[in-house]
Amino acid sequence: MATMHLRNHIDGRWVEGSSGEAFEDTDPANGEVIATVTRSTTADVDRAVDAARRACEAWRLTPAPKRGEILYRAGEILLRRKDDLAREMTREMGKVLAEARGDVQEGIDMTYYMAGEGRRQFGDVVPAELPNKWAMSMRHPHGVVAAITPWNFPLAIPTWKIMPALVLGNTVVFKPASYTPLLAVRLVEVLEEAGLPKGVLNLVLGPGGEIGDHLVTHPGVDLVSFTGSSDAGAHISEIAGRLLKRVSCELGGKNAIVVMDDAEVDLSIEGIVWSAFGTSGQRCTAASRVIAHRGVANDVIDKLVGRAKKMRMGHGLEPTTDLGPVVSKQAQEKVASYMPVAEKEGATIAAGGRIPTEGALAKGFFHEPTVLVDVKPNMRVAQEEIFGPVVAVLEVGSLEEAVKVLNSTKYGLSCSIYTRNVNNAFRFMRDAETGLVYVNAGTIGAEIQLPFGGMKTTGNGHREAGRAALDVYADWKSIYVDFSGRLQKAQMDGGGTTSS
Ligand code: NDP
C-alpha cells in the first residue's frame with residue numbers, strides 16, 4: 001500500500017507546509033509508517049489565521065440553524081465512516097479497535113449535539129425594572145479559535161472543541177497532535193464534504209513546540225482551547241494570559257477508584273481493569289489509583305493482579321488484544337522510569353512492571369499492565385500522572401480517609417466509589433474535589449451532554465461538552481432596549497421600595 005501524504009488545509013485548499021519538509025506518522029504497535037506529514041512553519045500559521053479571519057464575518061452572519069445543518073451532515077458522514085475511521089485510529093495511536101470505535105462514536109455524539117445547538121443557543125429574556133424597557137442576553141462568537149488537541153482521543157477531543165466553536169459562529173485553526181495527523185485530516189475532510197465554507201476550518205500540521213507559541217500569541221487568534229499536558233497548558237496560559245486572550249485548558253489527572261468494605265468487589269474489579277488499562281492508561285480520566293478499604297483490600301489486590309497478568313498485549317486491530325501499545329517510545333520510557341521510582345519509595349510491583357522484549361511486541365511501544373501495592377499517598381506514583389497502564393493501590397480504614405487520600409493530589413478530574421451504602425455514596429459525591437464523579441462505575445465513560453473537565457490544576461475553570469461548552473466558545477452580550485421615549489435611569493427611577 002502506498003504511503004499517504006498529509007497536508008495542511010488552508011482557505012479551503014489542501015496545501016504543503018512552507019518548510020518543504022515532512023515527518024512520519026507511524027503505527028506505535030509495530031513502527032510501520034502510515035503517512036508522511038507536511039511540517040508547517042510559522043508562515044503557515046499566519047496563512048491559516050488570515051484565512052480564518054477573512055471567513056469570520058460571513059460565518060458569524062450565517063444563521064445558526066444553517067451552521068447546525070452543516071454539523072448535522074458531518075455527523076451523518078462520520079457515522080457512515082465510523083469503522084474506517086476507527087481502524088485508522090487504532091493504527092495511528094494504538095488503542096484497541098472497540099475503544100477506537102467508541103472514540104469515533106463520541107465524536108458523532110458531540111457533532112449531533114452541537115448541531116442541535118444551531119436551533120437553541122438559549123439566552124435569557126428577563127423583566128426589566130423600568131417600564132417600556134426590554135432586557136435580554138445573547139451569545140456572541142469570539143472570532144478565531146485555535147484548537148490544540150492531544151493524540152489520545154484523536155477524533156473525539158477535536159470535535160469537543162471544533163463543533164461548539166463552529167455552531168456558535170467562530171472560525172477555527174486546528175493544530176492536532178503530531179502523533180495523530182491522519183484522524184485530524186479525516187475530520188477536516190468530513191466537514192468539508194458536509195459543506196463548510198472555505199476558511200472556516202483550517203488545519204495546520206507540525207510540531208507544537210515550534211509553531212505553538214506563534215499560534216497562541218497570534219493577534220488574529222481570539223480564543224485558545226487546549227487539551228494536553230499540564231506543562232504545555234501552563235505555558236500556553238502564561239503567554240496567552242499576558243495578551244489577555246481567552247484560554248480554556250483541559251489538563252492532567254490522577255484519578256482514583258475508592259472500593260469500600262461494603263462494595264461488590266467483583267464489579268469494582270471490572271471497573272478498575274477498564275478504567276486503569278483501557279487505552280493503555282492514556283486517558284486523562286484513567287484510574288491510576290485504587291483506594292481500597294482494608295476490609296476488602298487483599299481481595300481487590302488478588303483479583304486485580306490476576307486480571308492484569310492475564311491481559312494479552314498486541315496490535316489493537318487483533319480481536320484477541322486486551323492492551324495495545326502506548327503512543328511512543330518516549331511515553332514507553334516515561335512509564336518504565338516509574339518502576340524504579342516506585343520500588344525506591346517502598347512500593348511493590350505486584351503485576352507487570354516490564355517492557356516486553358520478545359517477538360512482535362518488541363517492535364512496538366508496549367508496557368505490561370502493572371499493579372503497584374504498598375503505595376502511600378505521598379509517593380510519586382500516587383501523586384504524578386504516569387499516563388500508562390499502571391495502577392497504584394492504596395489502603396485506607398474509613399470513608400473519611402479515602403476522601404482525604406482522593407483529594408490529596410493537585411489534580412481534580414475524575415473519581416469513583418464502589419459502595420452499596422447510600423450514605424457513603426452521597427458523602428463521597430459531596431466531598432470529592434473532582435469535576436467528574438461516578439458511583440459504582442469506573443472513572444471513565446463521560447457522556448457528551450454533561451460538562452467535562454476538572455477542578456484544581458486539571459484545568460483553568462472551564463468545561464467542555466454539554467451546555468457548559470457554549471460558555472467557552474462565545475461571549476455573553478446583554479441587551480437593553482428602552483422604548484419609553486424618555487431617559488430612564490436604572491437603579492434610580494422607580495427602583496427600590498422608597499422611590500416615588
Ligand atoms: P502535549 O501537551 O505535549 O500535547 C498536546 C498538544 O499540544 C499537541 O497538539 C502538541 O503538539 C501541542 N503542543 C505541545 N507544545 C505546545 C506549545 N508550546 N504550544 C502549543 N501547542 C503545543 O501532551 P500530549 O499530547 O503528550 O498528551 C498527554 C497529556 O495530556 C497527559 O498529561 C494527559 O493527562 C493530558 N490530557 C488531558 C486531557 C483532559 O481532558 N484533561 C485529555 C487528554 C490528555 P505536538 O503533538 O506537535 O507536540
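For the numbers below, each heavy atom of this structure counts, side chains included, while hydrogens, waters and symmetry mates do not. Computed from a predicted model, the values in this text were never measured in an experiment. Order of listing sets the numbers, starting from 1, for every ligand and every atom in it.
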Atoms of ligand 1 close to Pro176 [distance to a heavy atom under 4.0 angstrom, numbered from 1] = 9 (O)

For Asn407 and Asp431, indicate whether the former's side chain and the latter's backbone hold a donor-acceptor pair under 3.5 Å.
-> yes

Select the closest option to atom 23 (O) of ligand 1 among Gly209, Gly208, Ser229, Pro154, judged by heavy-atom distance.
-> Ser229

Go through ligand 1 atom by atom and flag the ones less than 4.0 Å from a non-hydrogen atom of Gly212.
-> 19 (N), 20 (C)

Quick one: which residue pairs count as a side-chain hydrogen bond (donor to acceptor under 3.5 Å, both in side chains) with a foot in residues 148-159, not counting sequence neighbours?
-> none

So, His214 and Asp46: side-chain donor and acceptor under 3.5 Å apart, yes or no?
-> yes

So, for atom 7 (O) of ligand 1, does the protein have a heavy atom nearer than 4.0 Å?
-> yes

Element-labelled atoms of ligand 1 that are located less than 4.0 Å from some non-hydrogen atom of Gly206 = 47 (O)

Counting heavy atoms only, which part of Ser230 comes closer than 4.0 Å to ligand 1: side chain, backbone, both or neither?
-> neither

Can you list the ligand 1 atoms lying under 4.0 Å from a non-hydrogen atom of Gly252?
-> 34 (O)

Return yes or no for this condition: an N or O of Lys175 is under 3.5 Å from an N or O of ligand 1.
-> yes

Nearest to atom 24 (P) of ligand 1, what protein heavy atom do you find, and at what distance?
-> Trp151 NE1, 3.3 Å

Name the closest protein heavy atom to atom 12 (C) of ligand 1, giving the residue it belongs to and the distance to 0.1 Å.
-> Ile148 CG2, 3.7 Å

Measure the distance from atom 47 (O) of ligand 1 to every protein heavy atom, then report the residue, atom name and distance (to 0.1 Å) of the closest one.
-> Ser178 OG, 2.6 Å

Can you check whether Tyr411's main-chain N or O pairs, donor with acceptor, with Thr409's side chain at less than 3.5 Å?
-> yes

For ligand 1, which atoms sit closer than 4.0 Å to a heavy atom of Pro207?
-> 47 (O)

Within the distance-only criterion (no hydrogens, no angle test), does the side chain of Arg7 pair as donor or acceptor with the backbone N or O of Val15 below 3.5 angstrom?
-> no

Does ligand 1 have any atom that is closer than 4.0 Å to a heavy atom of Ile157?
-> yes

Where does Ile236 meet ligand 1, judged by heavy-atom distances below 4.0 Å: at the side chain, the backbone, both, or neither?
-> side chain

Of all protein heavy atoms, the one nearest atom 41 (N) of ligand 1 is Leu251 O, 2.2 Å

Do Lys254 and Gln383 have side-chain atoms, one donor and one acceptor, less than 3.5 Å apart?
-> no

Check: His142 side chain, Val472 main-chain N or O, donor-acceptor pair, under 3.5 Å = yes

Between Asp44 and Ser18, does any side-chain donor sit less than 3.5 Å from a side-chain acceptor?
-> yes

Would you mind checking which non-hydrogen protein atom is closest to atom 34 (O) of ligand 1, with the distance to 0.1 Å?
-> Glu385 OE2, 2.5 Å

Could you go step by step and tell me if Thr458 and Lys410 meet the side chain to side chain contact (heavy atoms under 4.5 Å, CB included) rule?
-> CA-CA 8 Å; Thr458 286; Lys410 64 179 179 175; over 6 Å; no

Please state which protein non-hydrogen atom is closest to atom 35 (C) of ligand 1 and give its distance, to 0.1 Å?
-> Gly228 O, 2.9 Å

Please identify which atoms of ligand 1 are closer than 4.0 Å to at least one heavy atom of Ala232.
-> 2 (O)

Shortest protein contact, atom 38 (C) of ligand 1 (heavy atom only) = Cys284 CB, 3.0 Å

Nearest-neighbour protein heavy atom for atom 9 (O) of ligand 1, which is reported as residue plus atom name and distance = Thr149 O, 2.8 Å

Using atom types as modelled and distance alone, determine if a side-chain donor or acceptor of Thr321 lies under 3.5 Å from a backbone N or O of Leu317.
-> no

Does ligand 1 have any atom that is closer than 4.0 Å to a heavy atom of Phe452?
-> yes

Do the side chain of Lys245 and the main chain of Val221 share a donor and acceptor less than 3.5 angstrom apart?
-> yes

How long is the span from the CG atom in Asp25 to the OH atom in Tyr179, to the nearest 0.5 Å?
-> 11.0 Å

Between Glu92 and Leu183, is there a donor-acceptor pair closer than 3.5 Å when you use the side chain of the first and the backbone of the second?
-> yes

Near Thr227, which atoms of ligand 1 are under 4.0 Å from a heavy atom of that residue?
-> 5 (C), 37 (C), 38 (C), 39 (C), 40 (O), 42 (C), 43 (C)

According to the side-chain hydrogen bond (donor to acceptor under 3.5 Å, both in side chains) rule, which pairs have a member within residues 224-233, sequence neighbours left out?
-> Lys161-Ser225, Lys161-Thr227, Ser225-Tyr473, Thr227-Glu464

Which is it for Asn152 and ligand 1 at heavy atoms under 4.0 Å: side chain, backbone, both or neither?
-> side chain

If you measure from each heavy atom of Gly454 to ligand 1, is any distance below 4.0 Å?
-> no

Any idea which atoms of ligand 1 are less than 4.0 Å away from a heavy-atom of His235?
-> 18 (N)

Answer with yes or no whether Phe226 contacts ligand 1, where contact means a heavy atom under 4.0 Å from a ligand atom.
-> yes

Test: Arg312 cationic atom under 6.0 Å from Phe277 six-membered ring centre, within 45° of axis | no

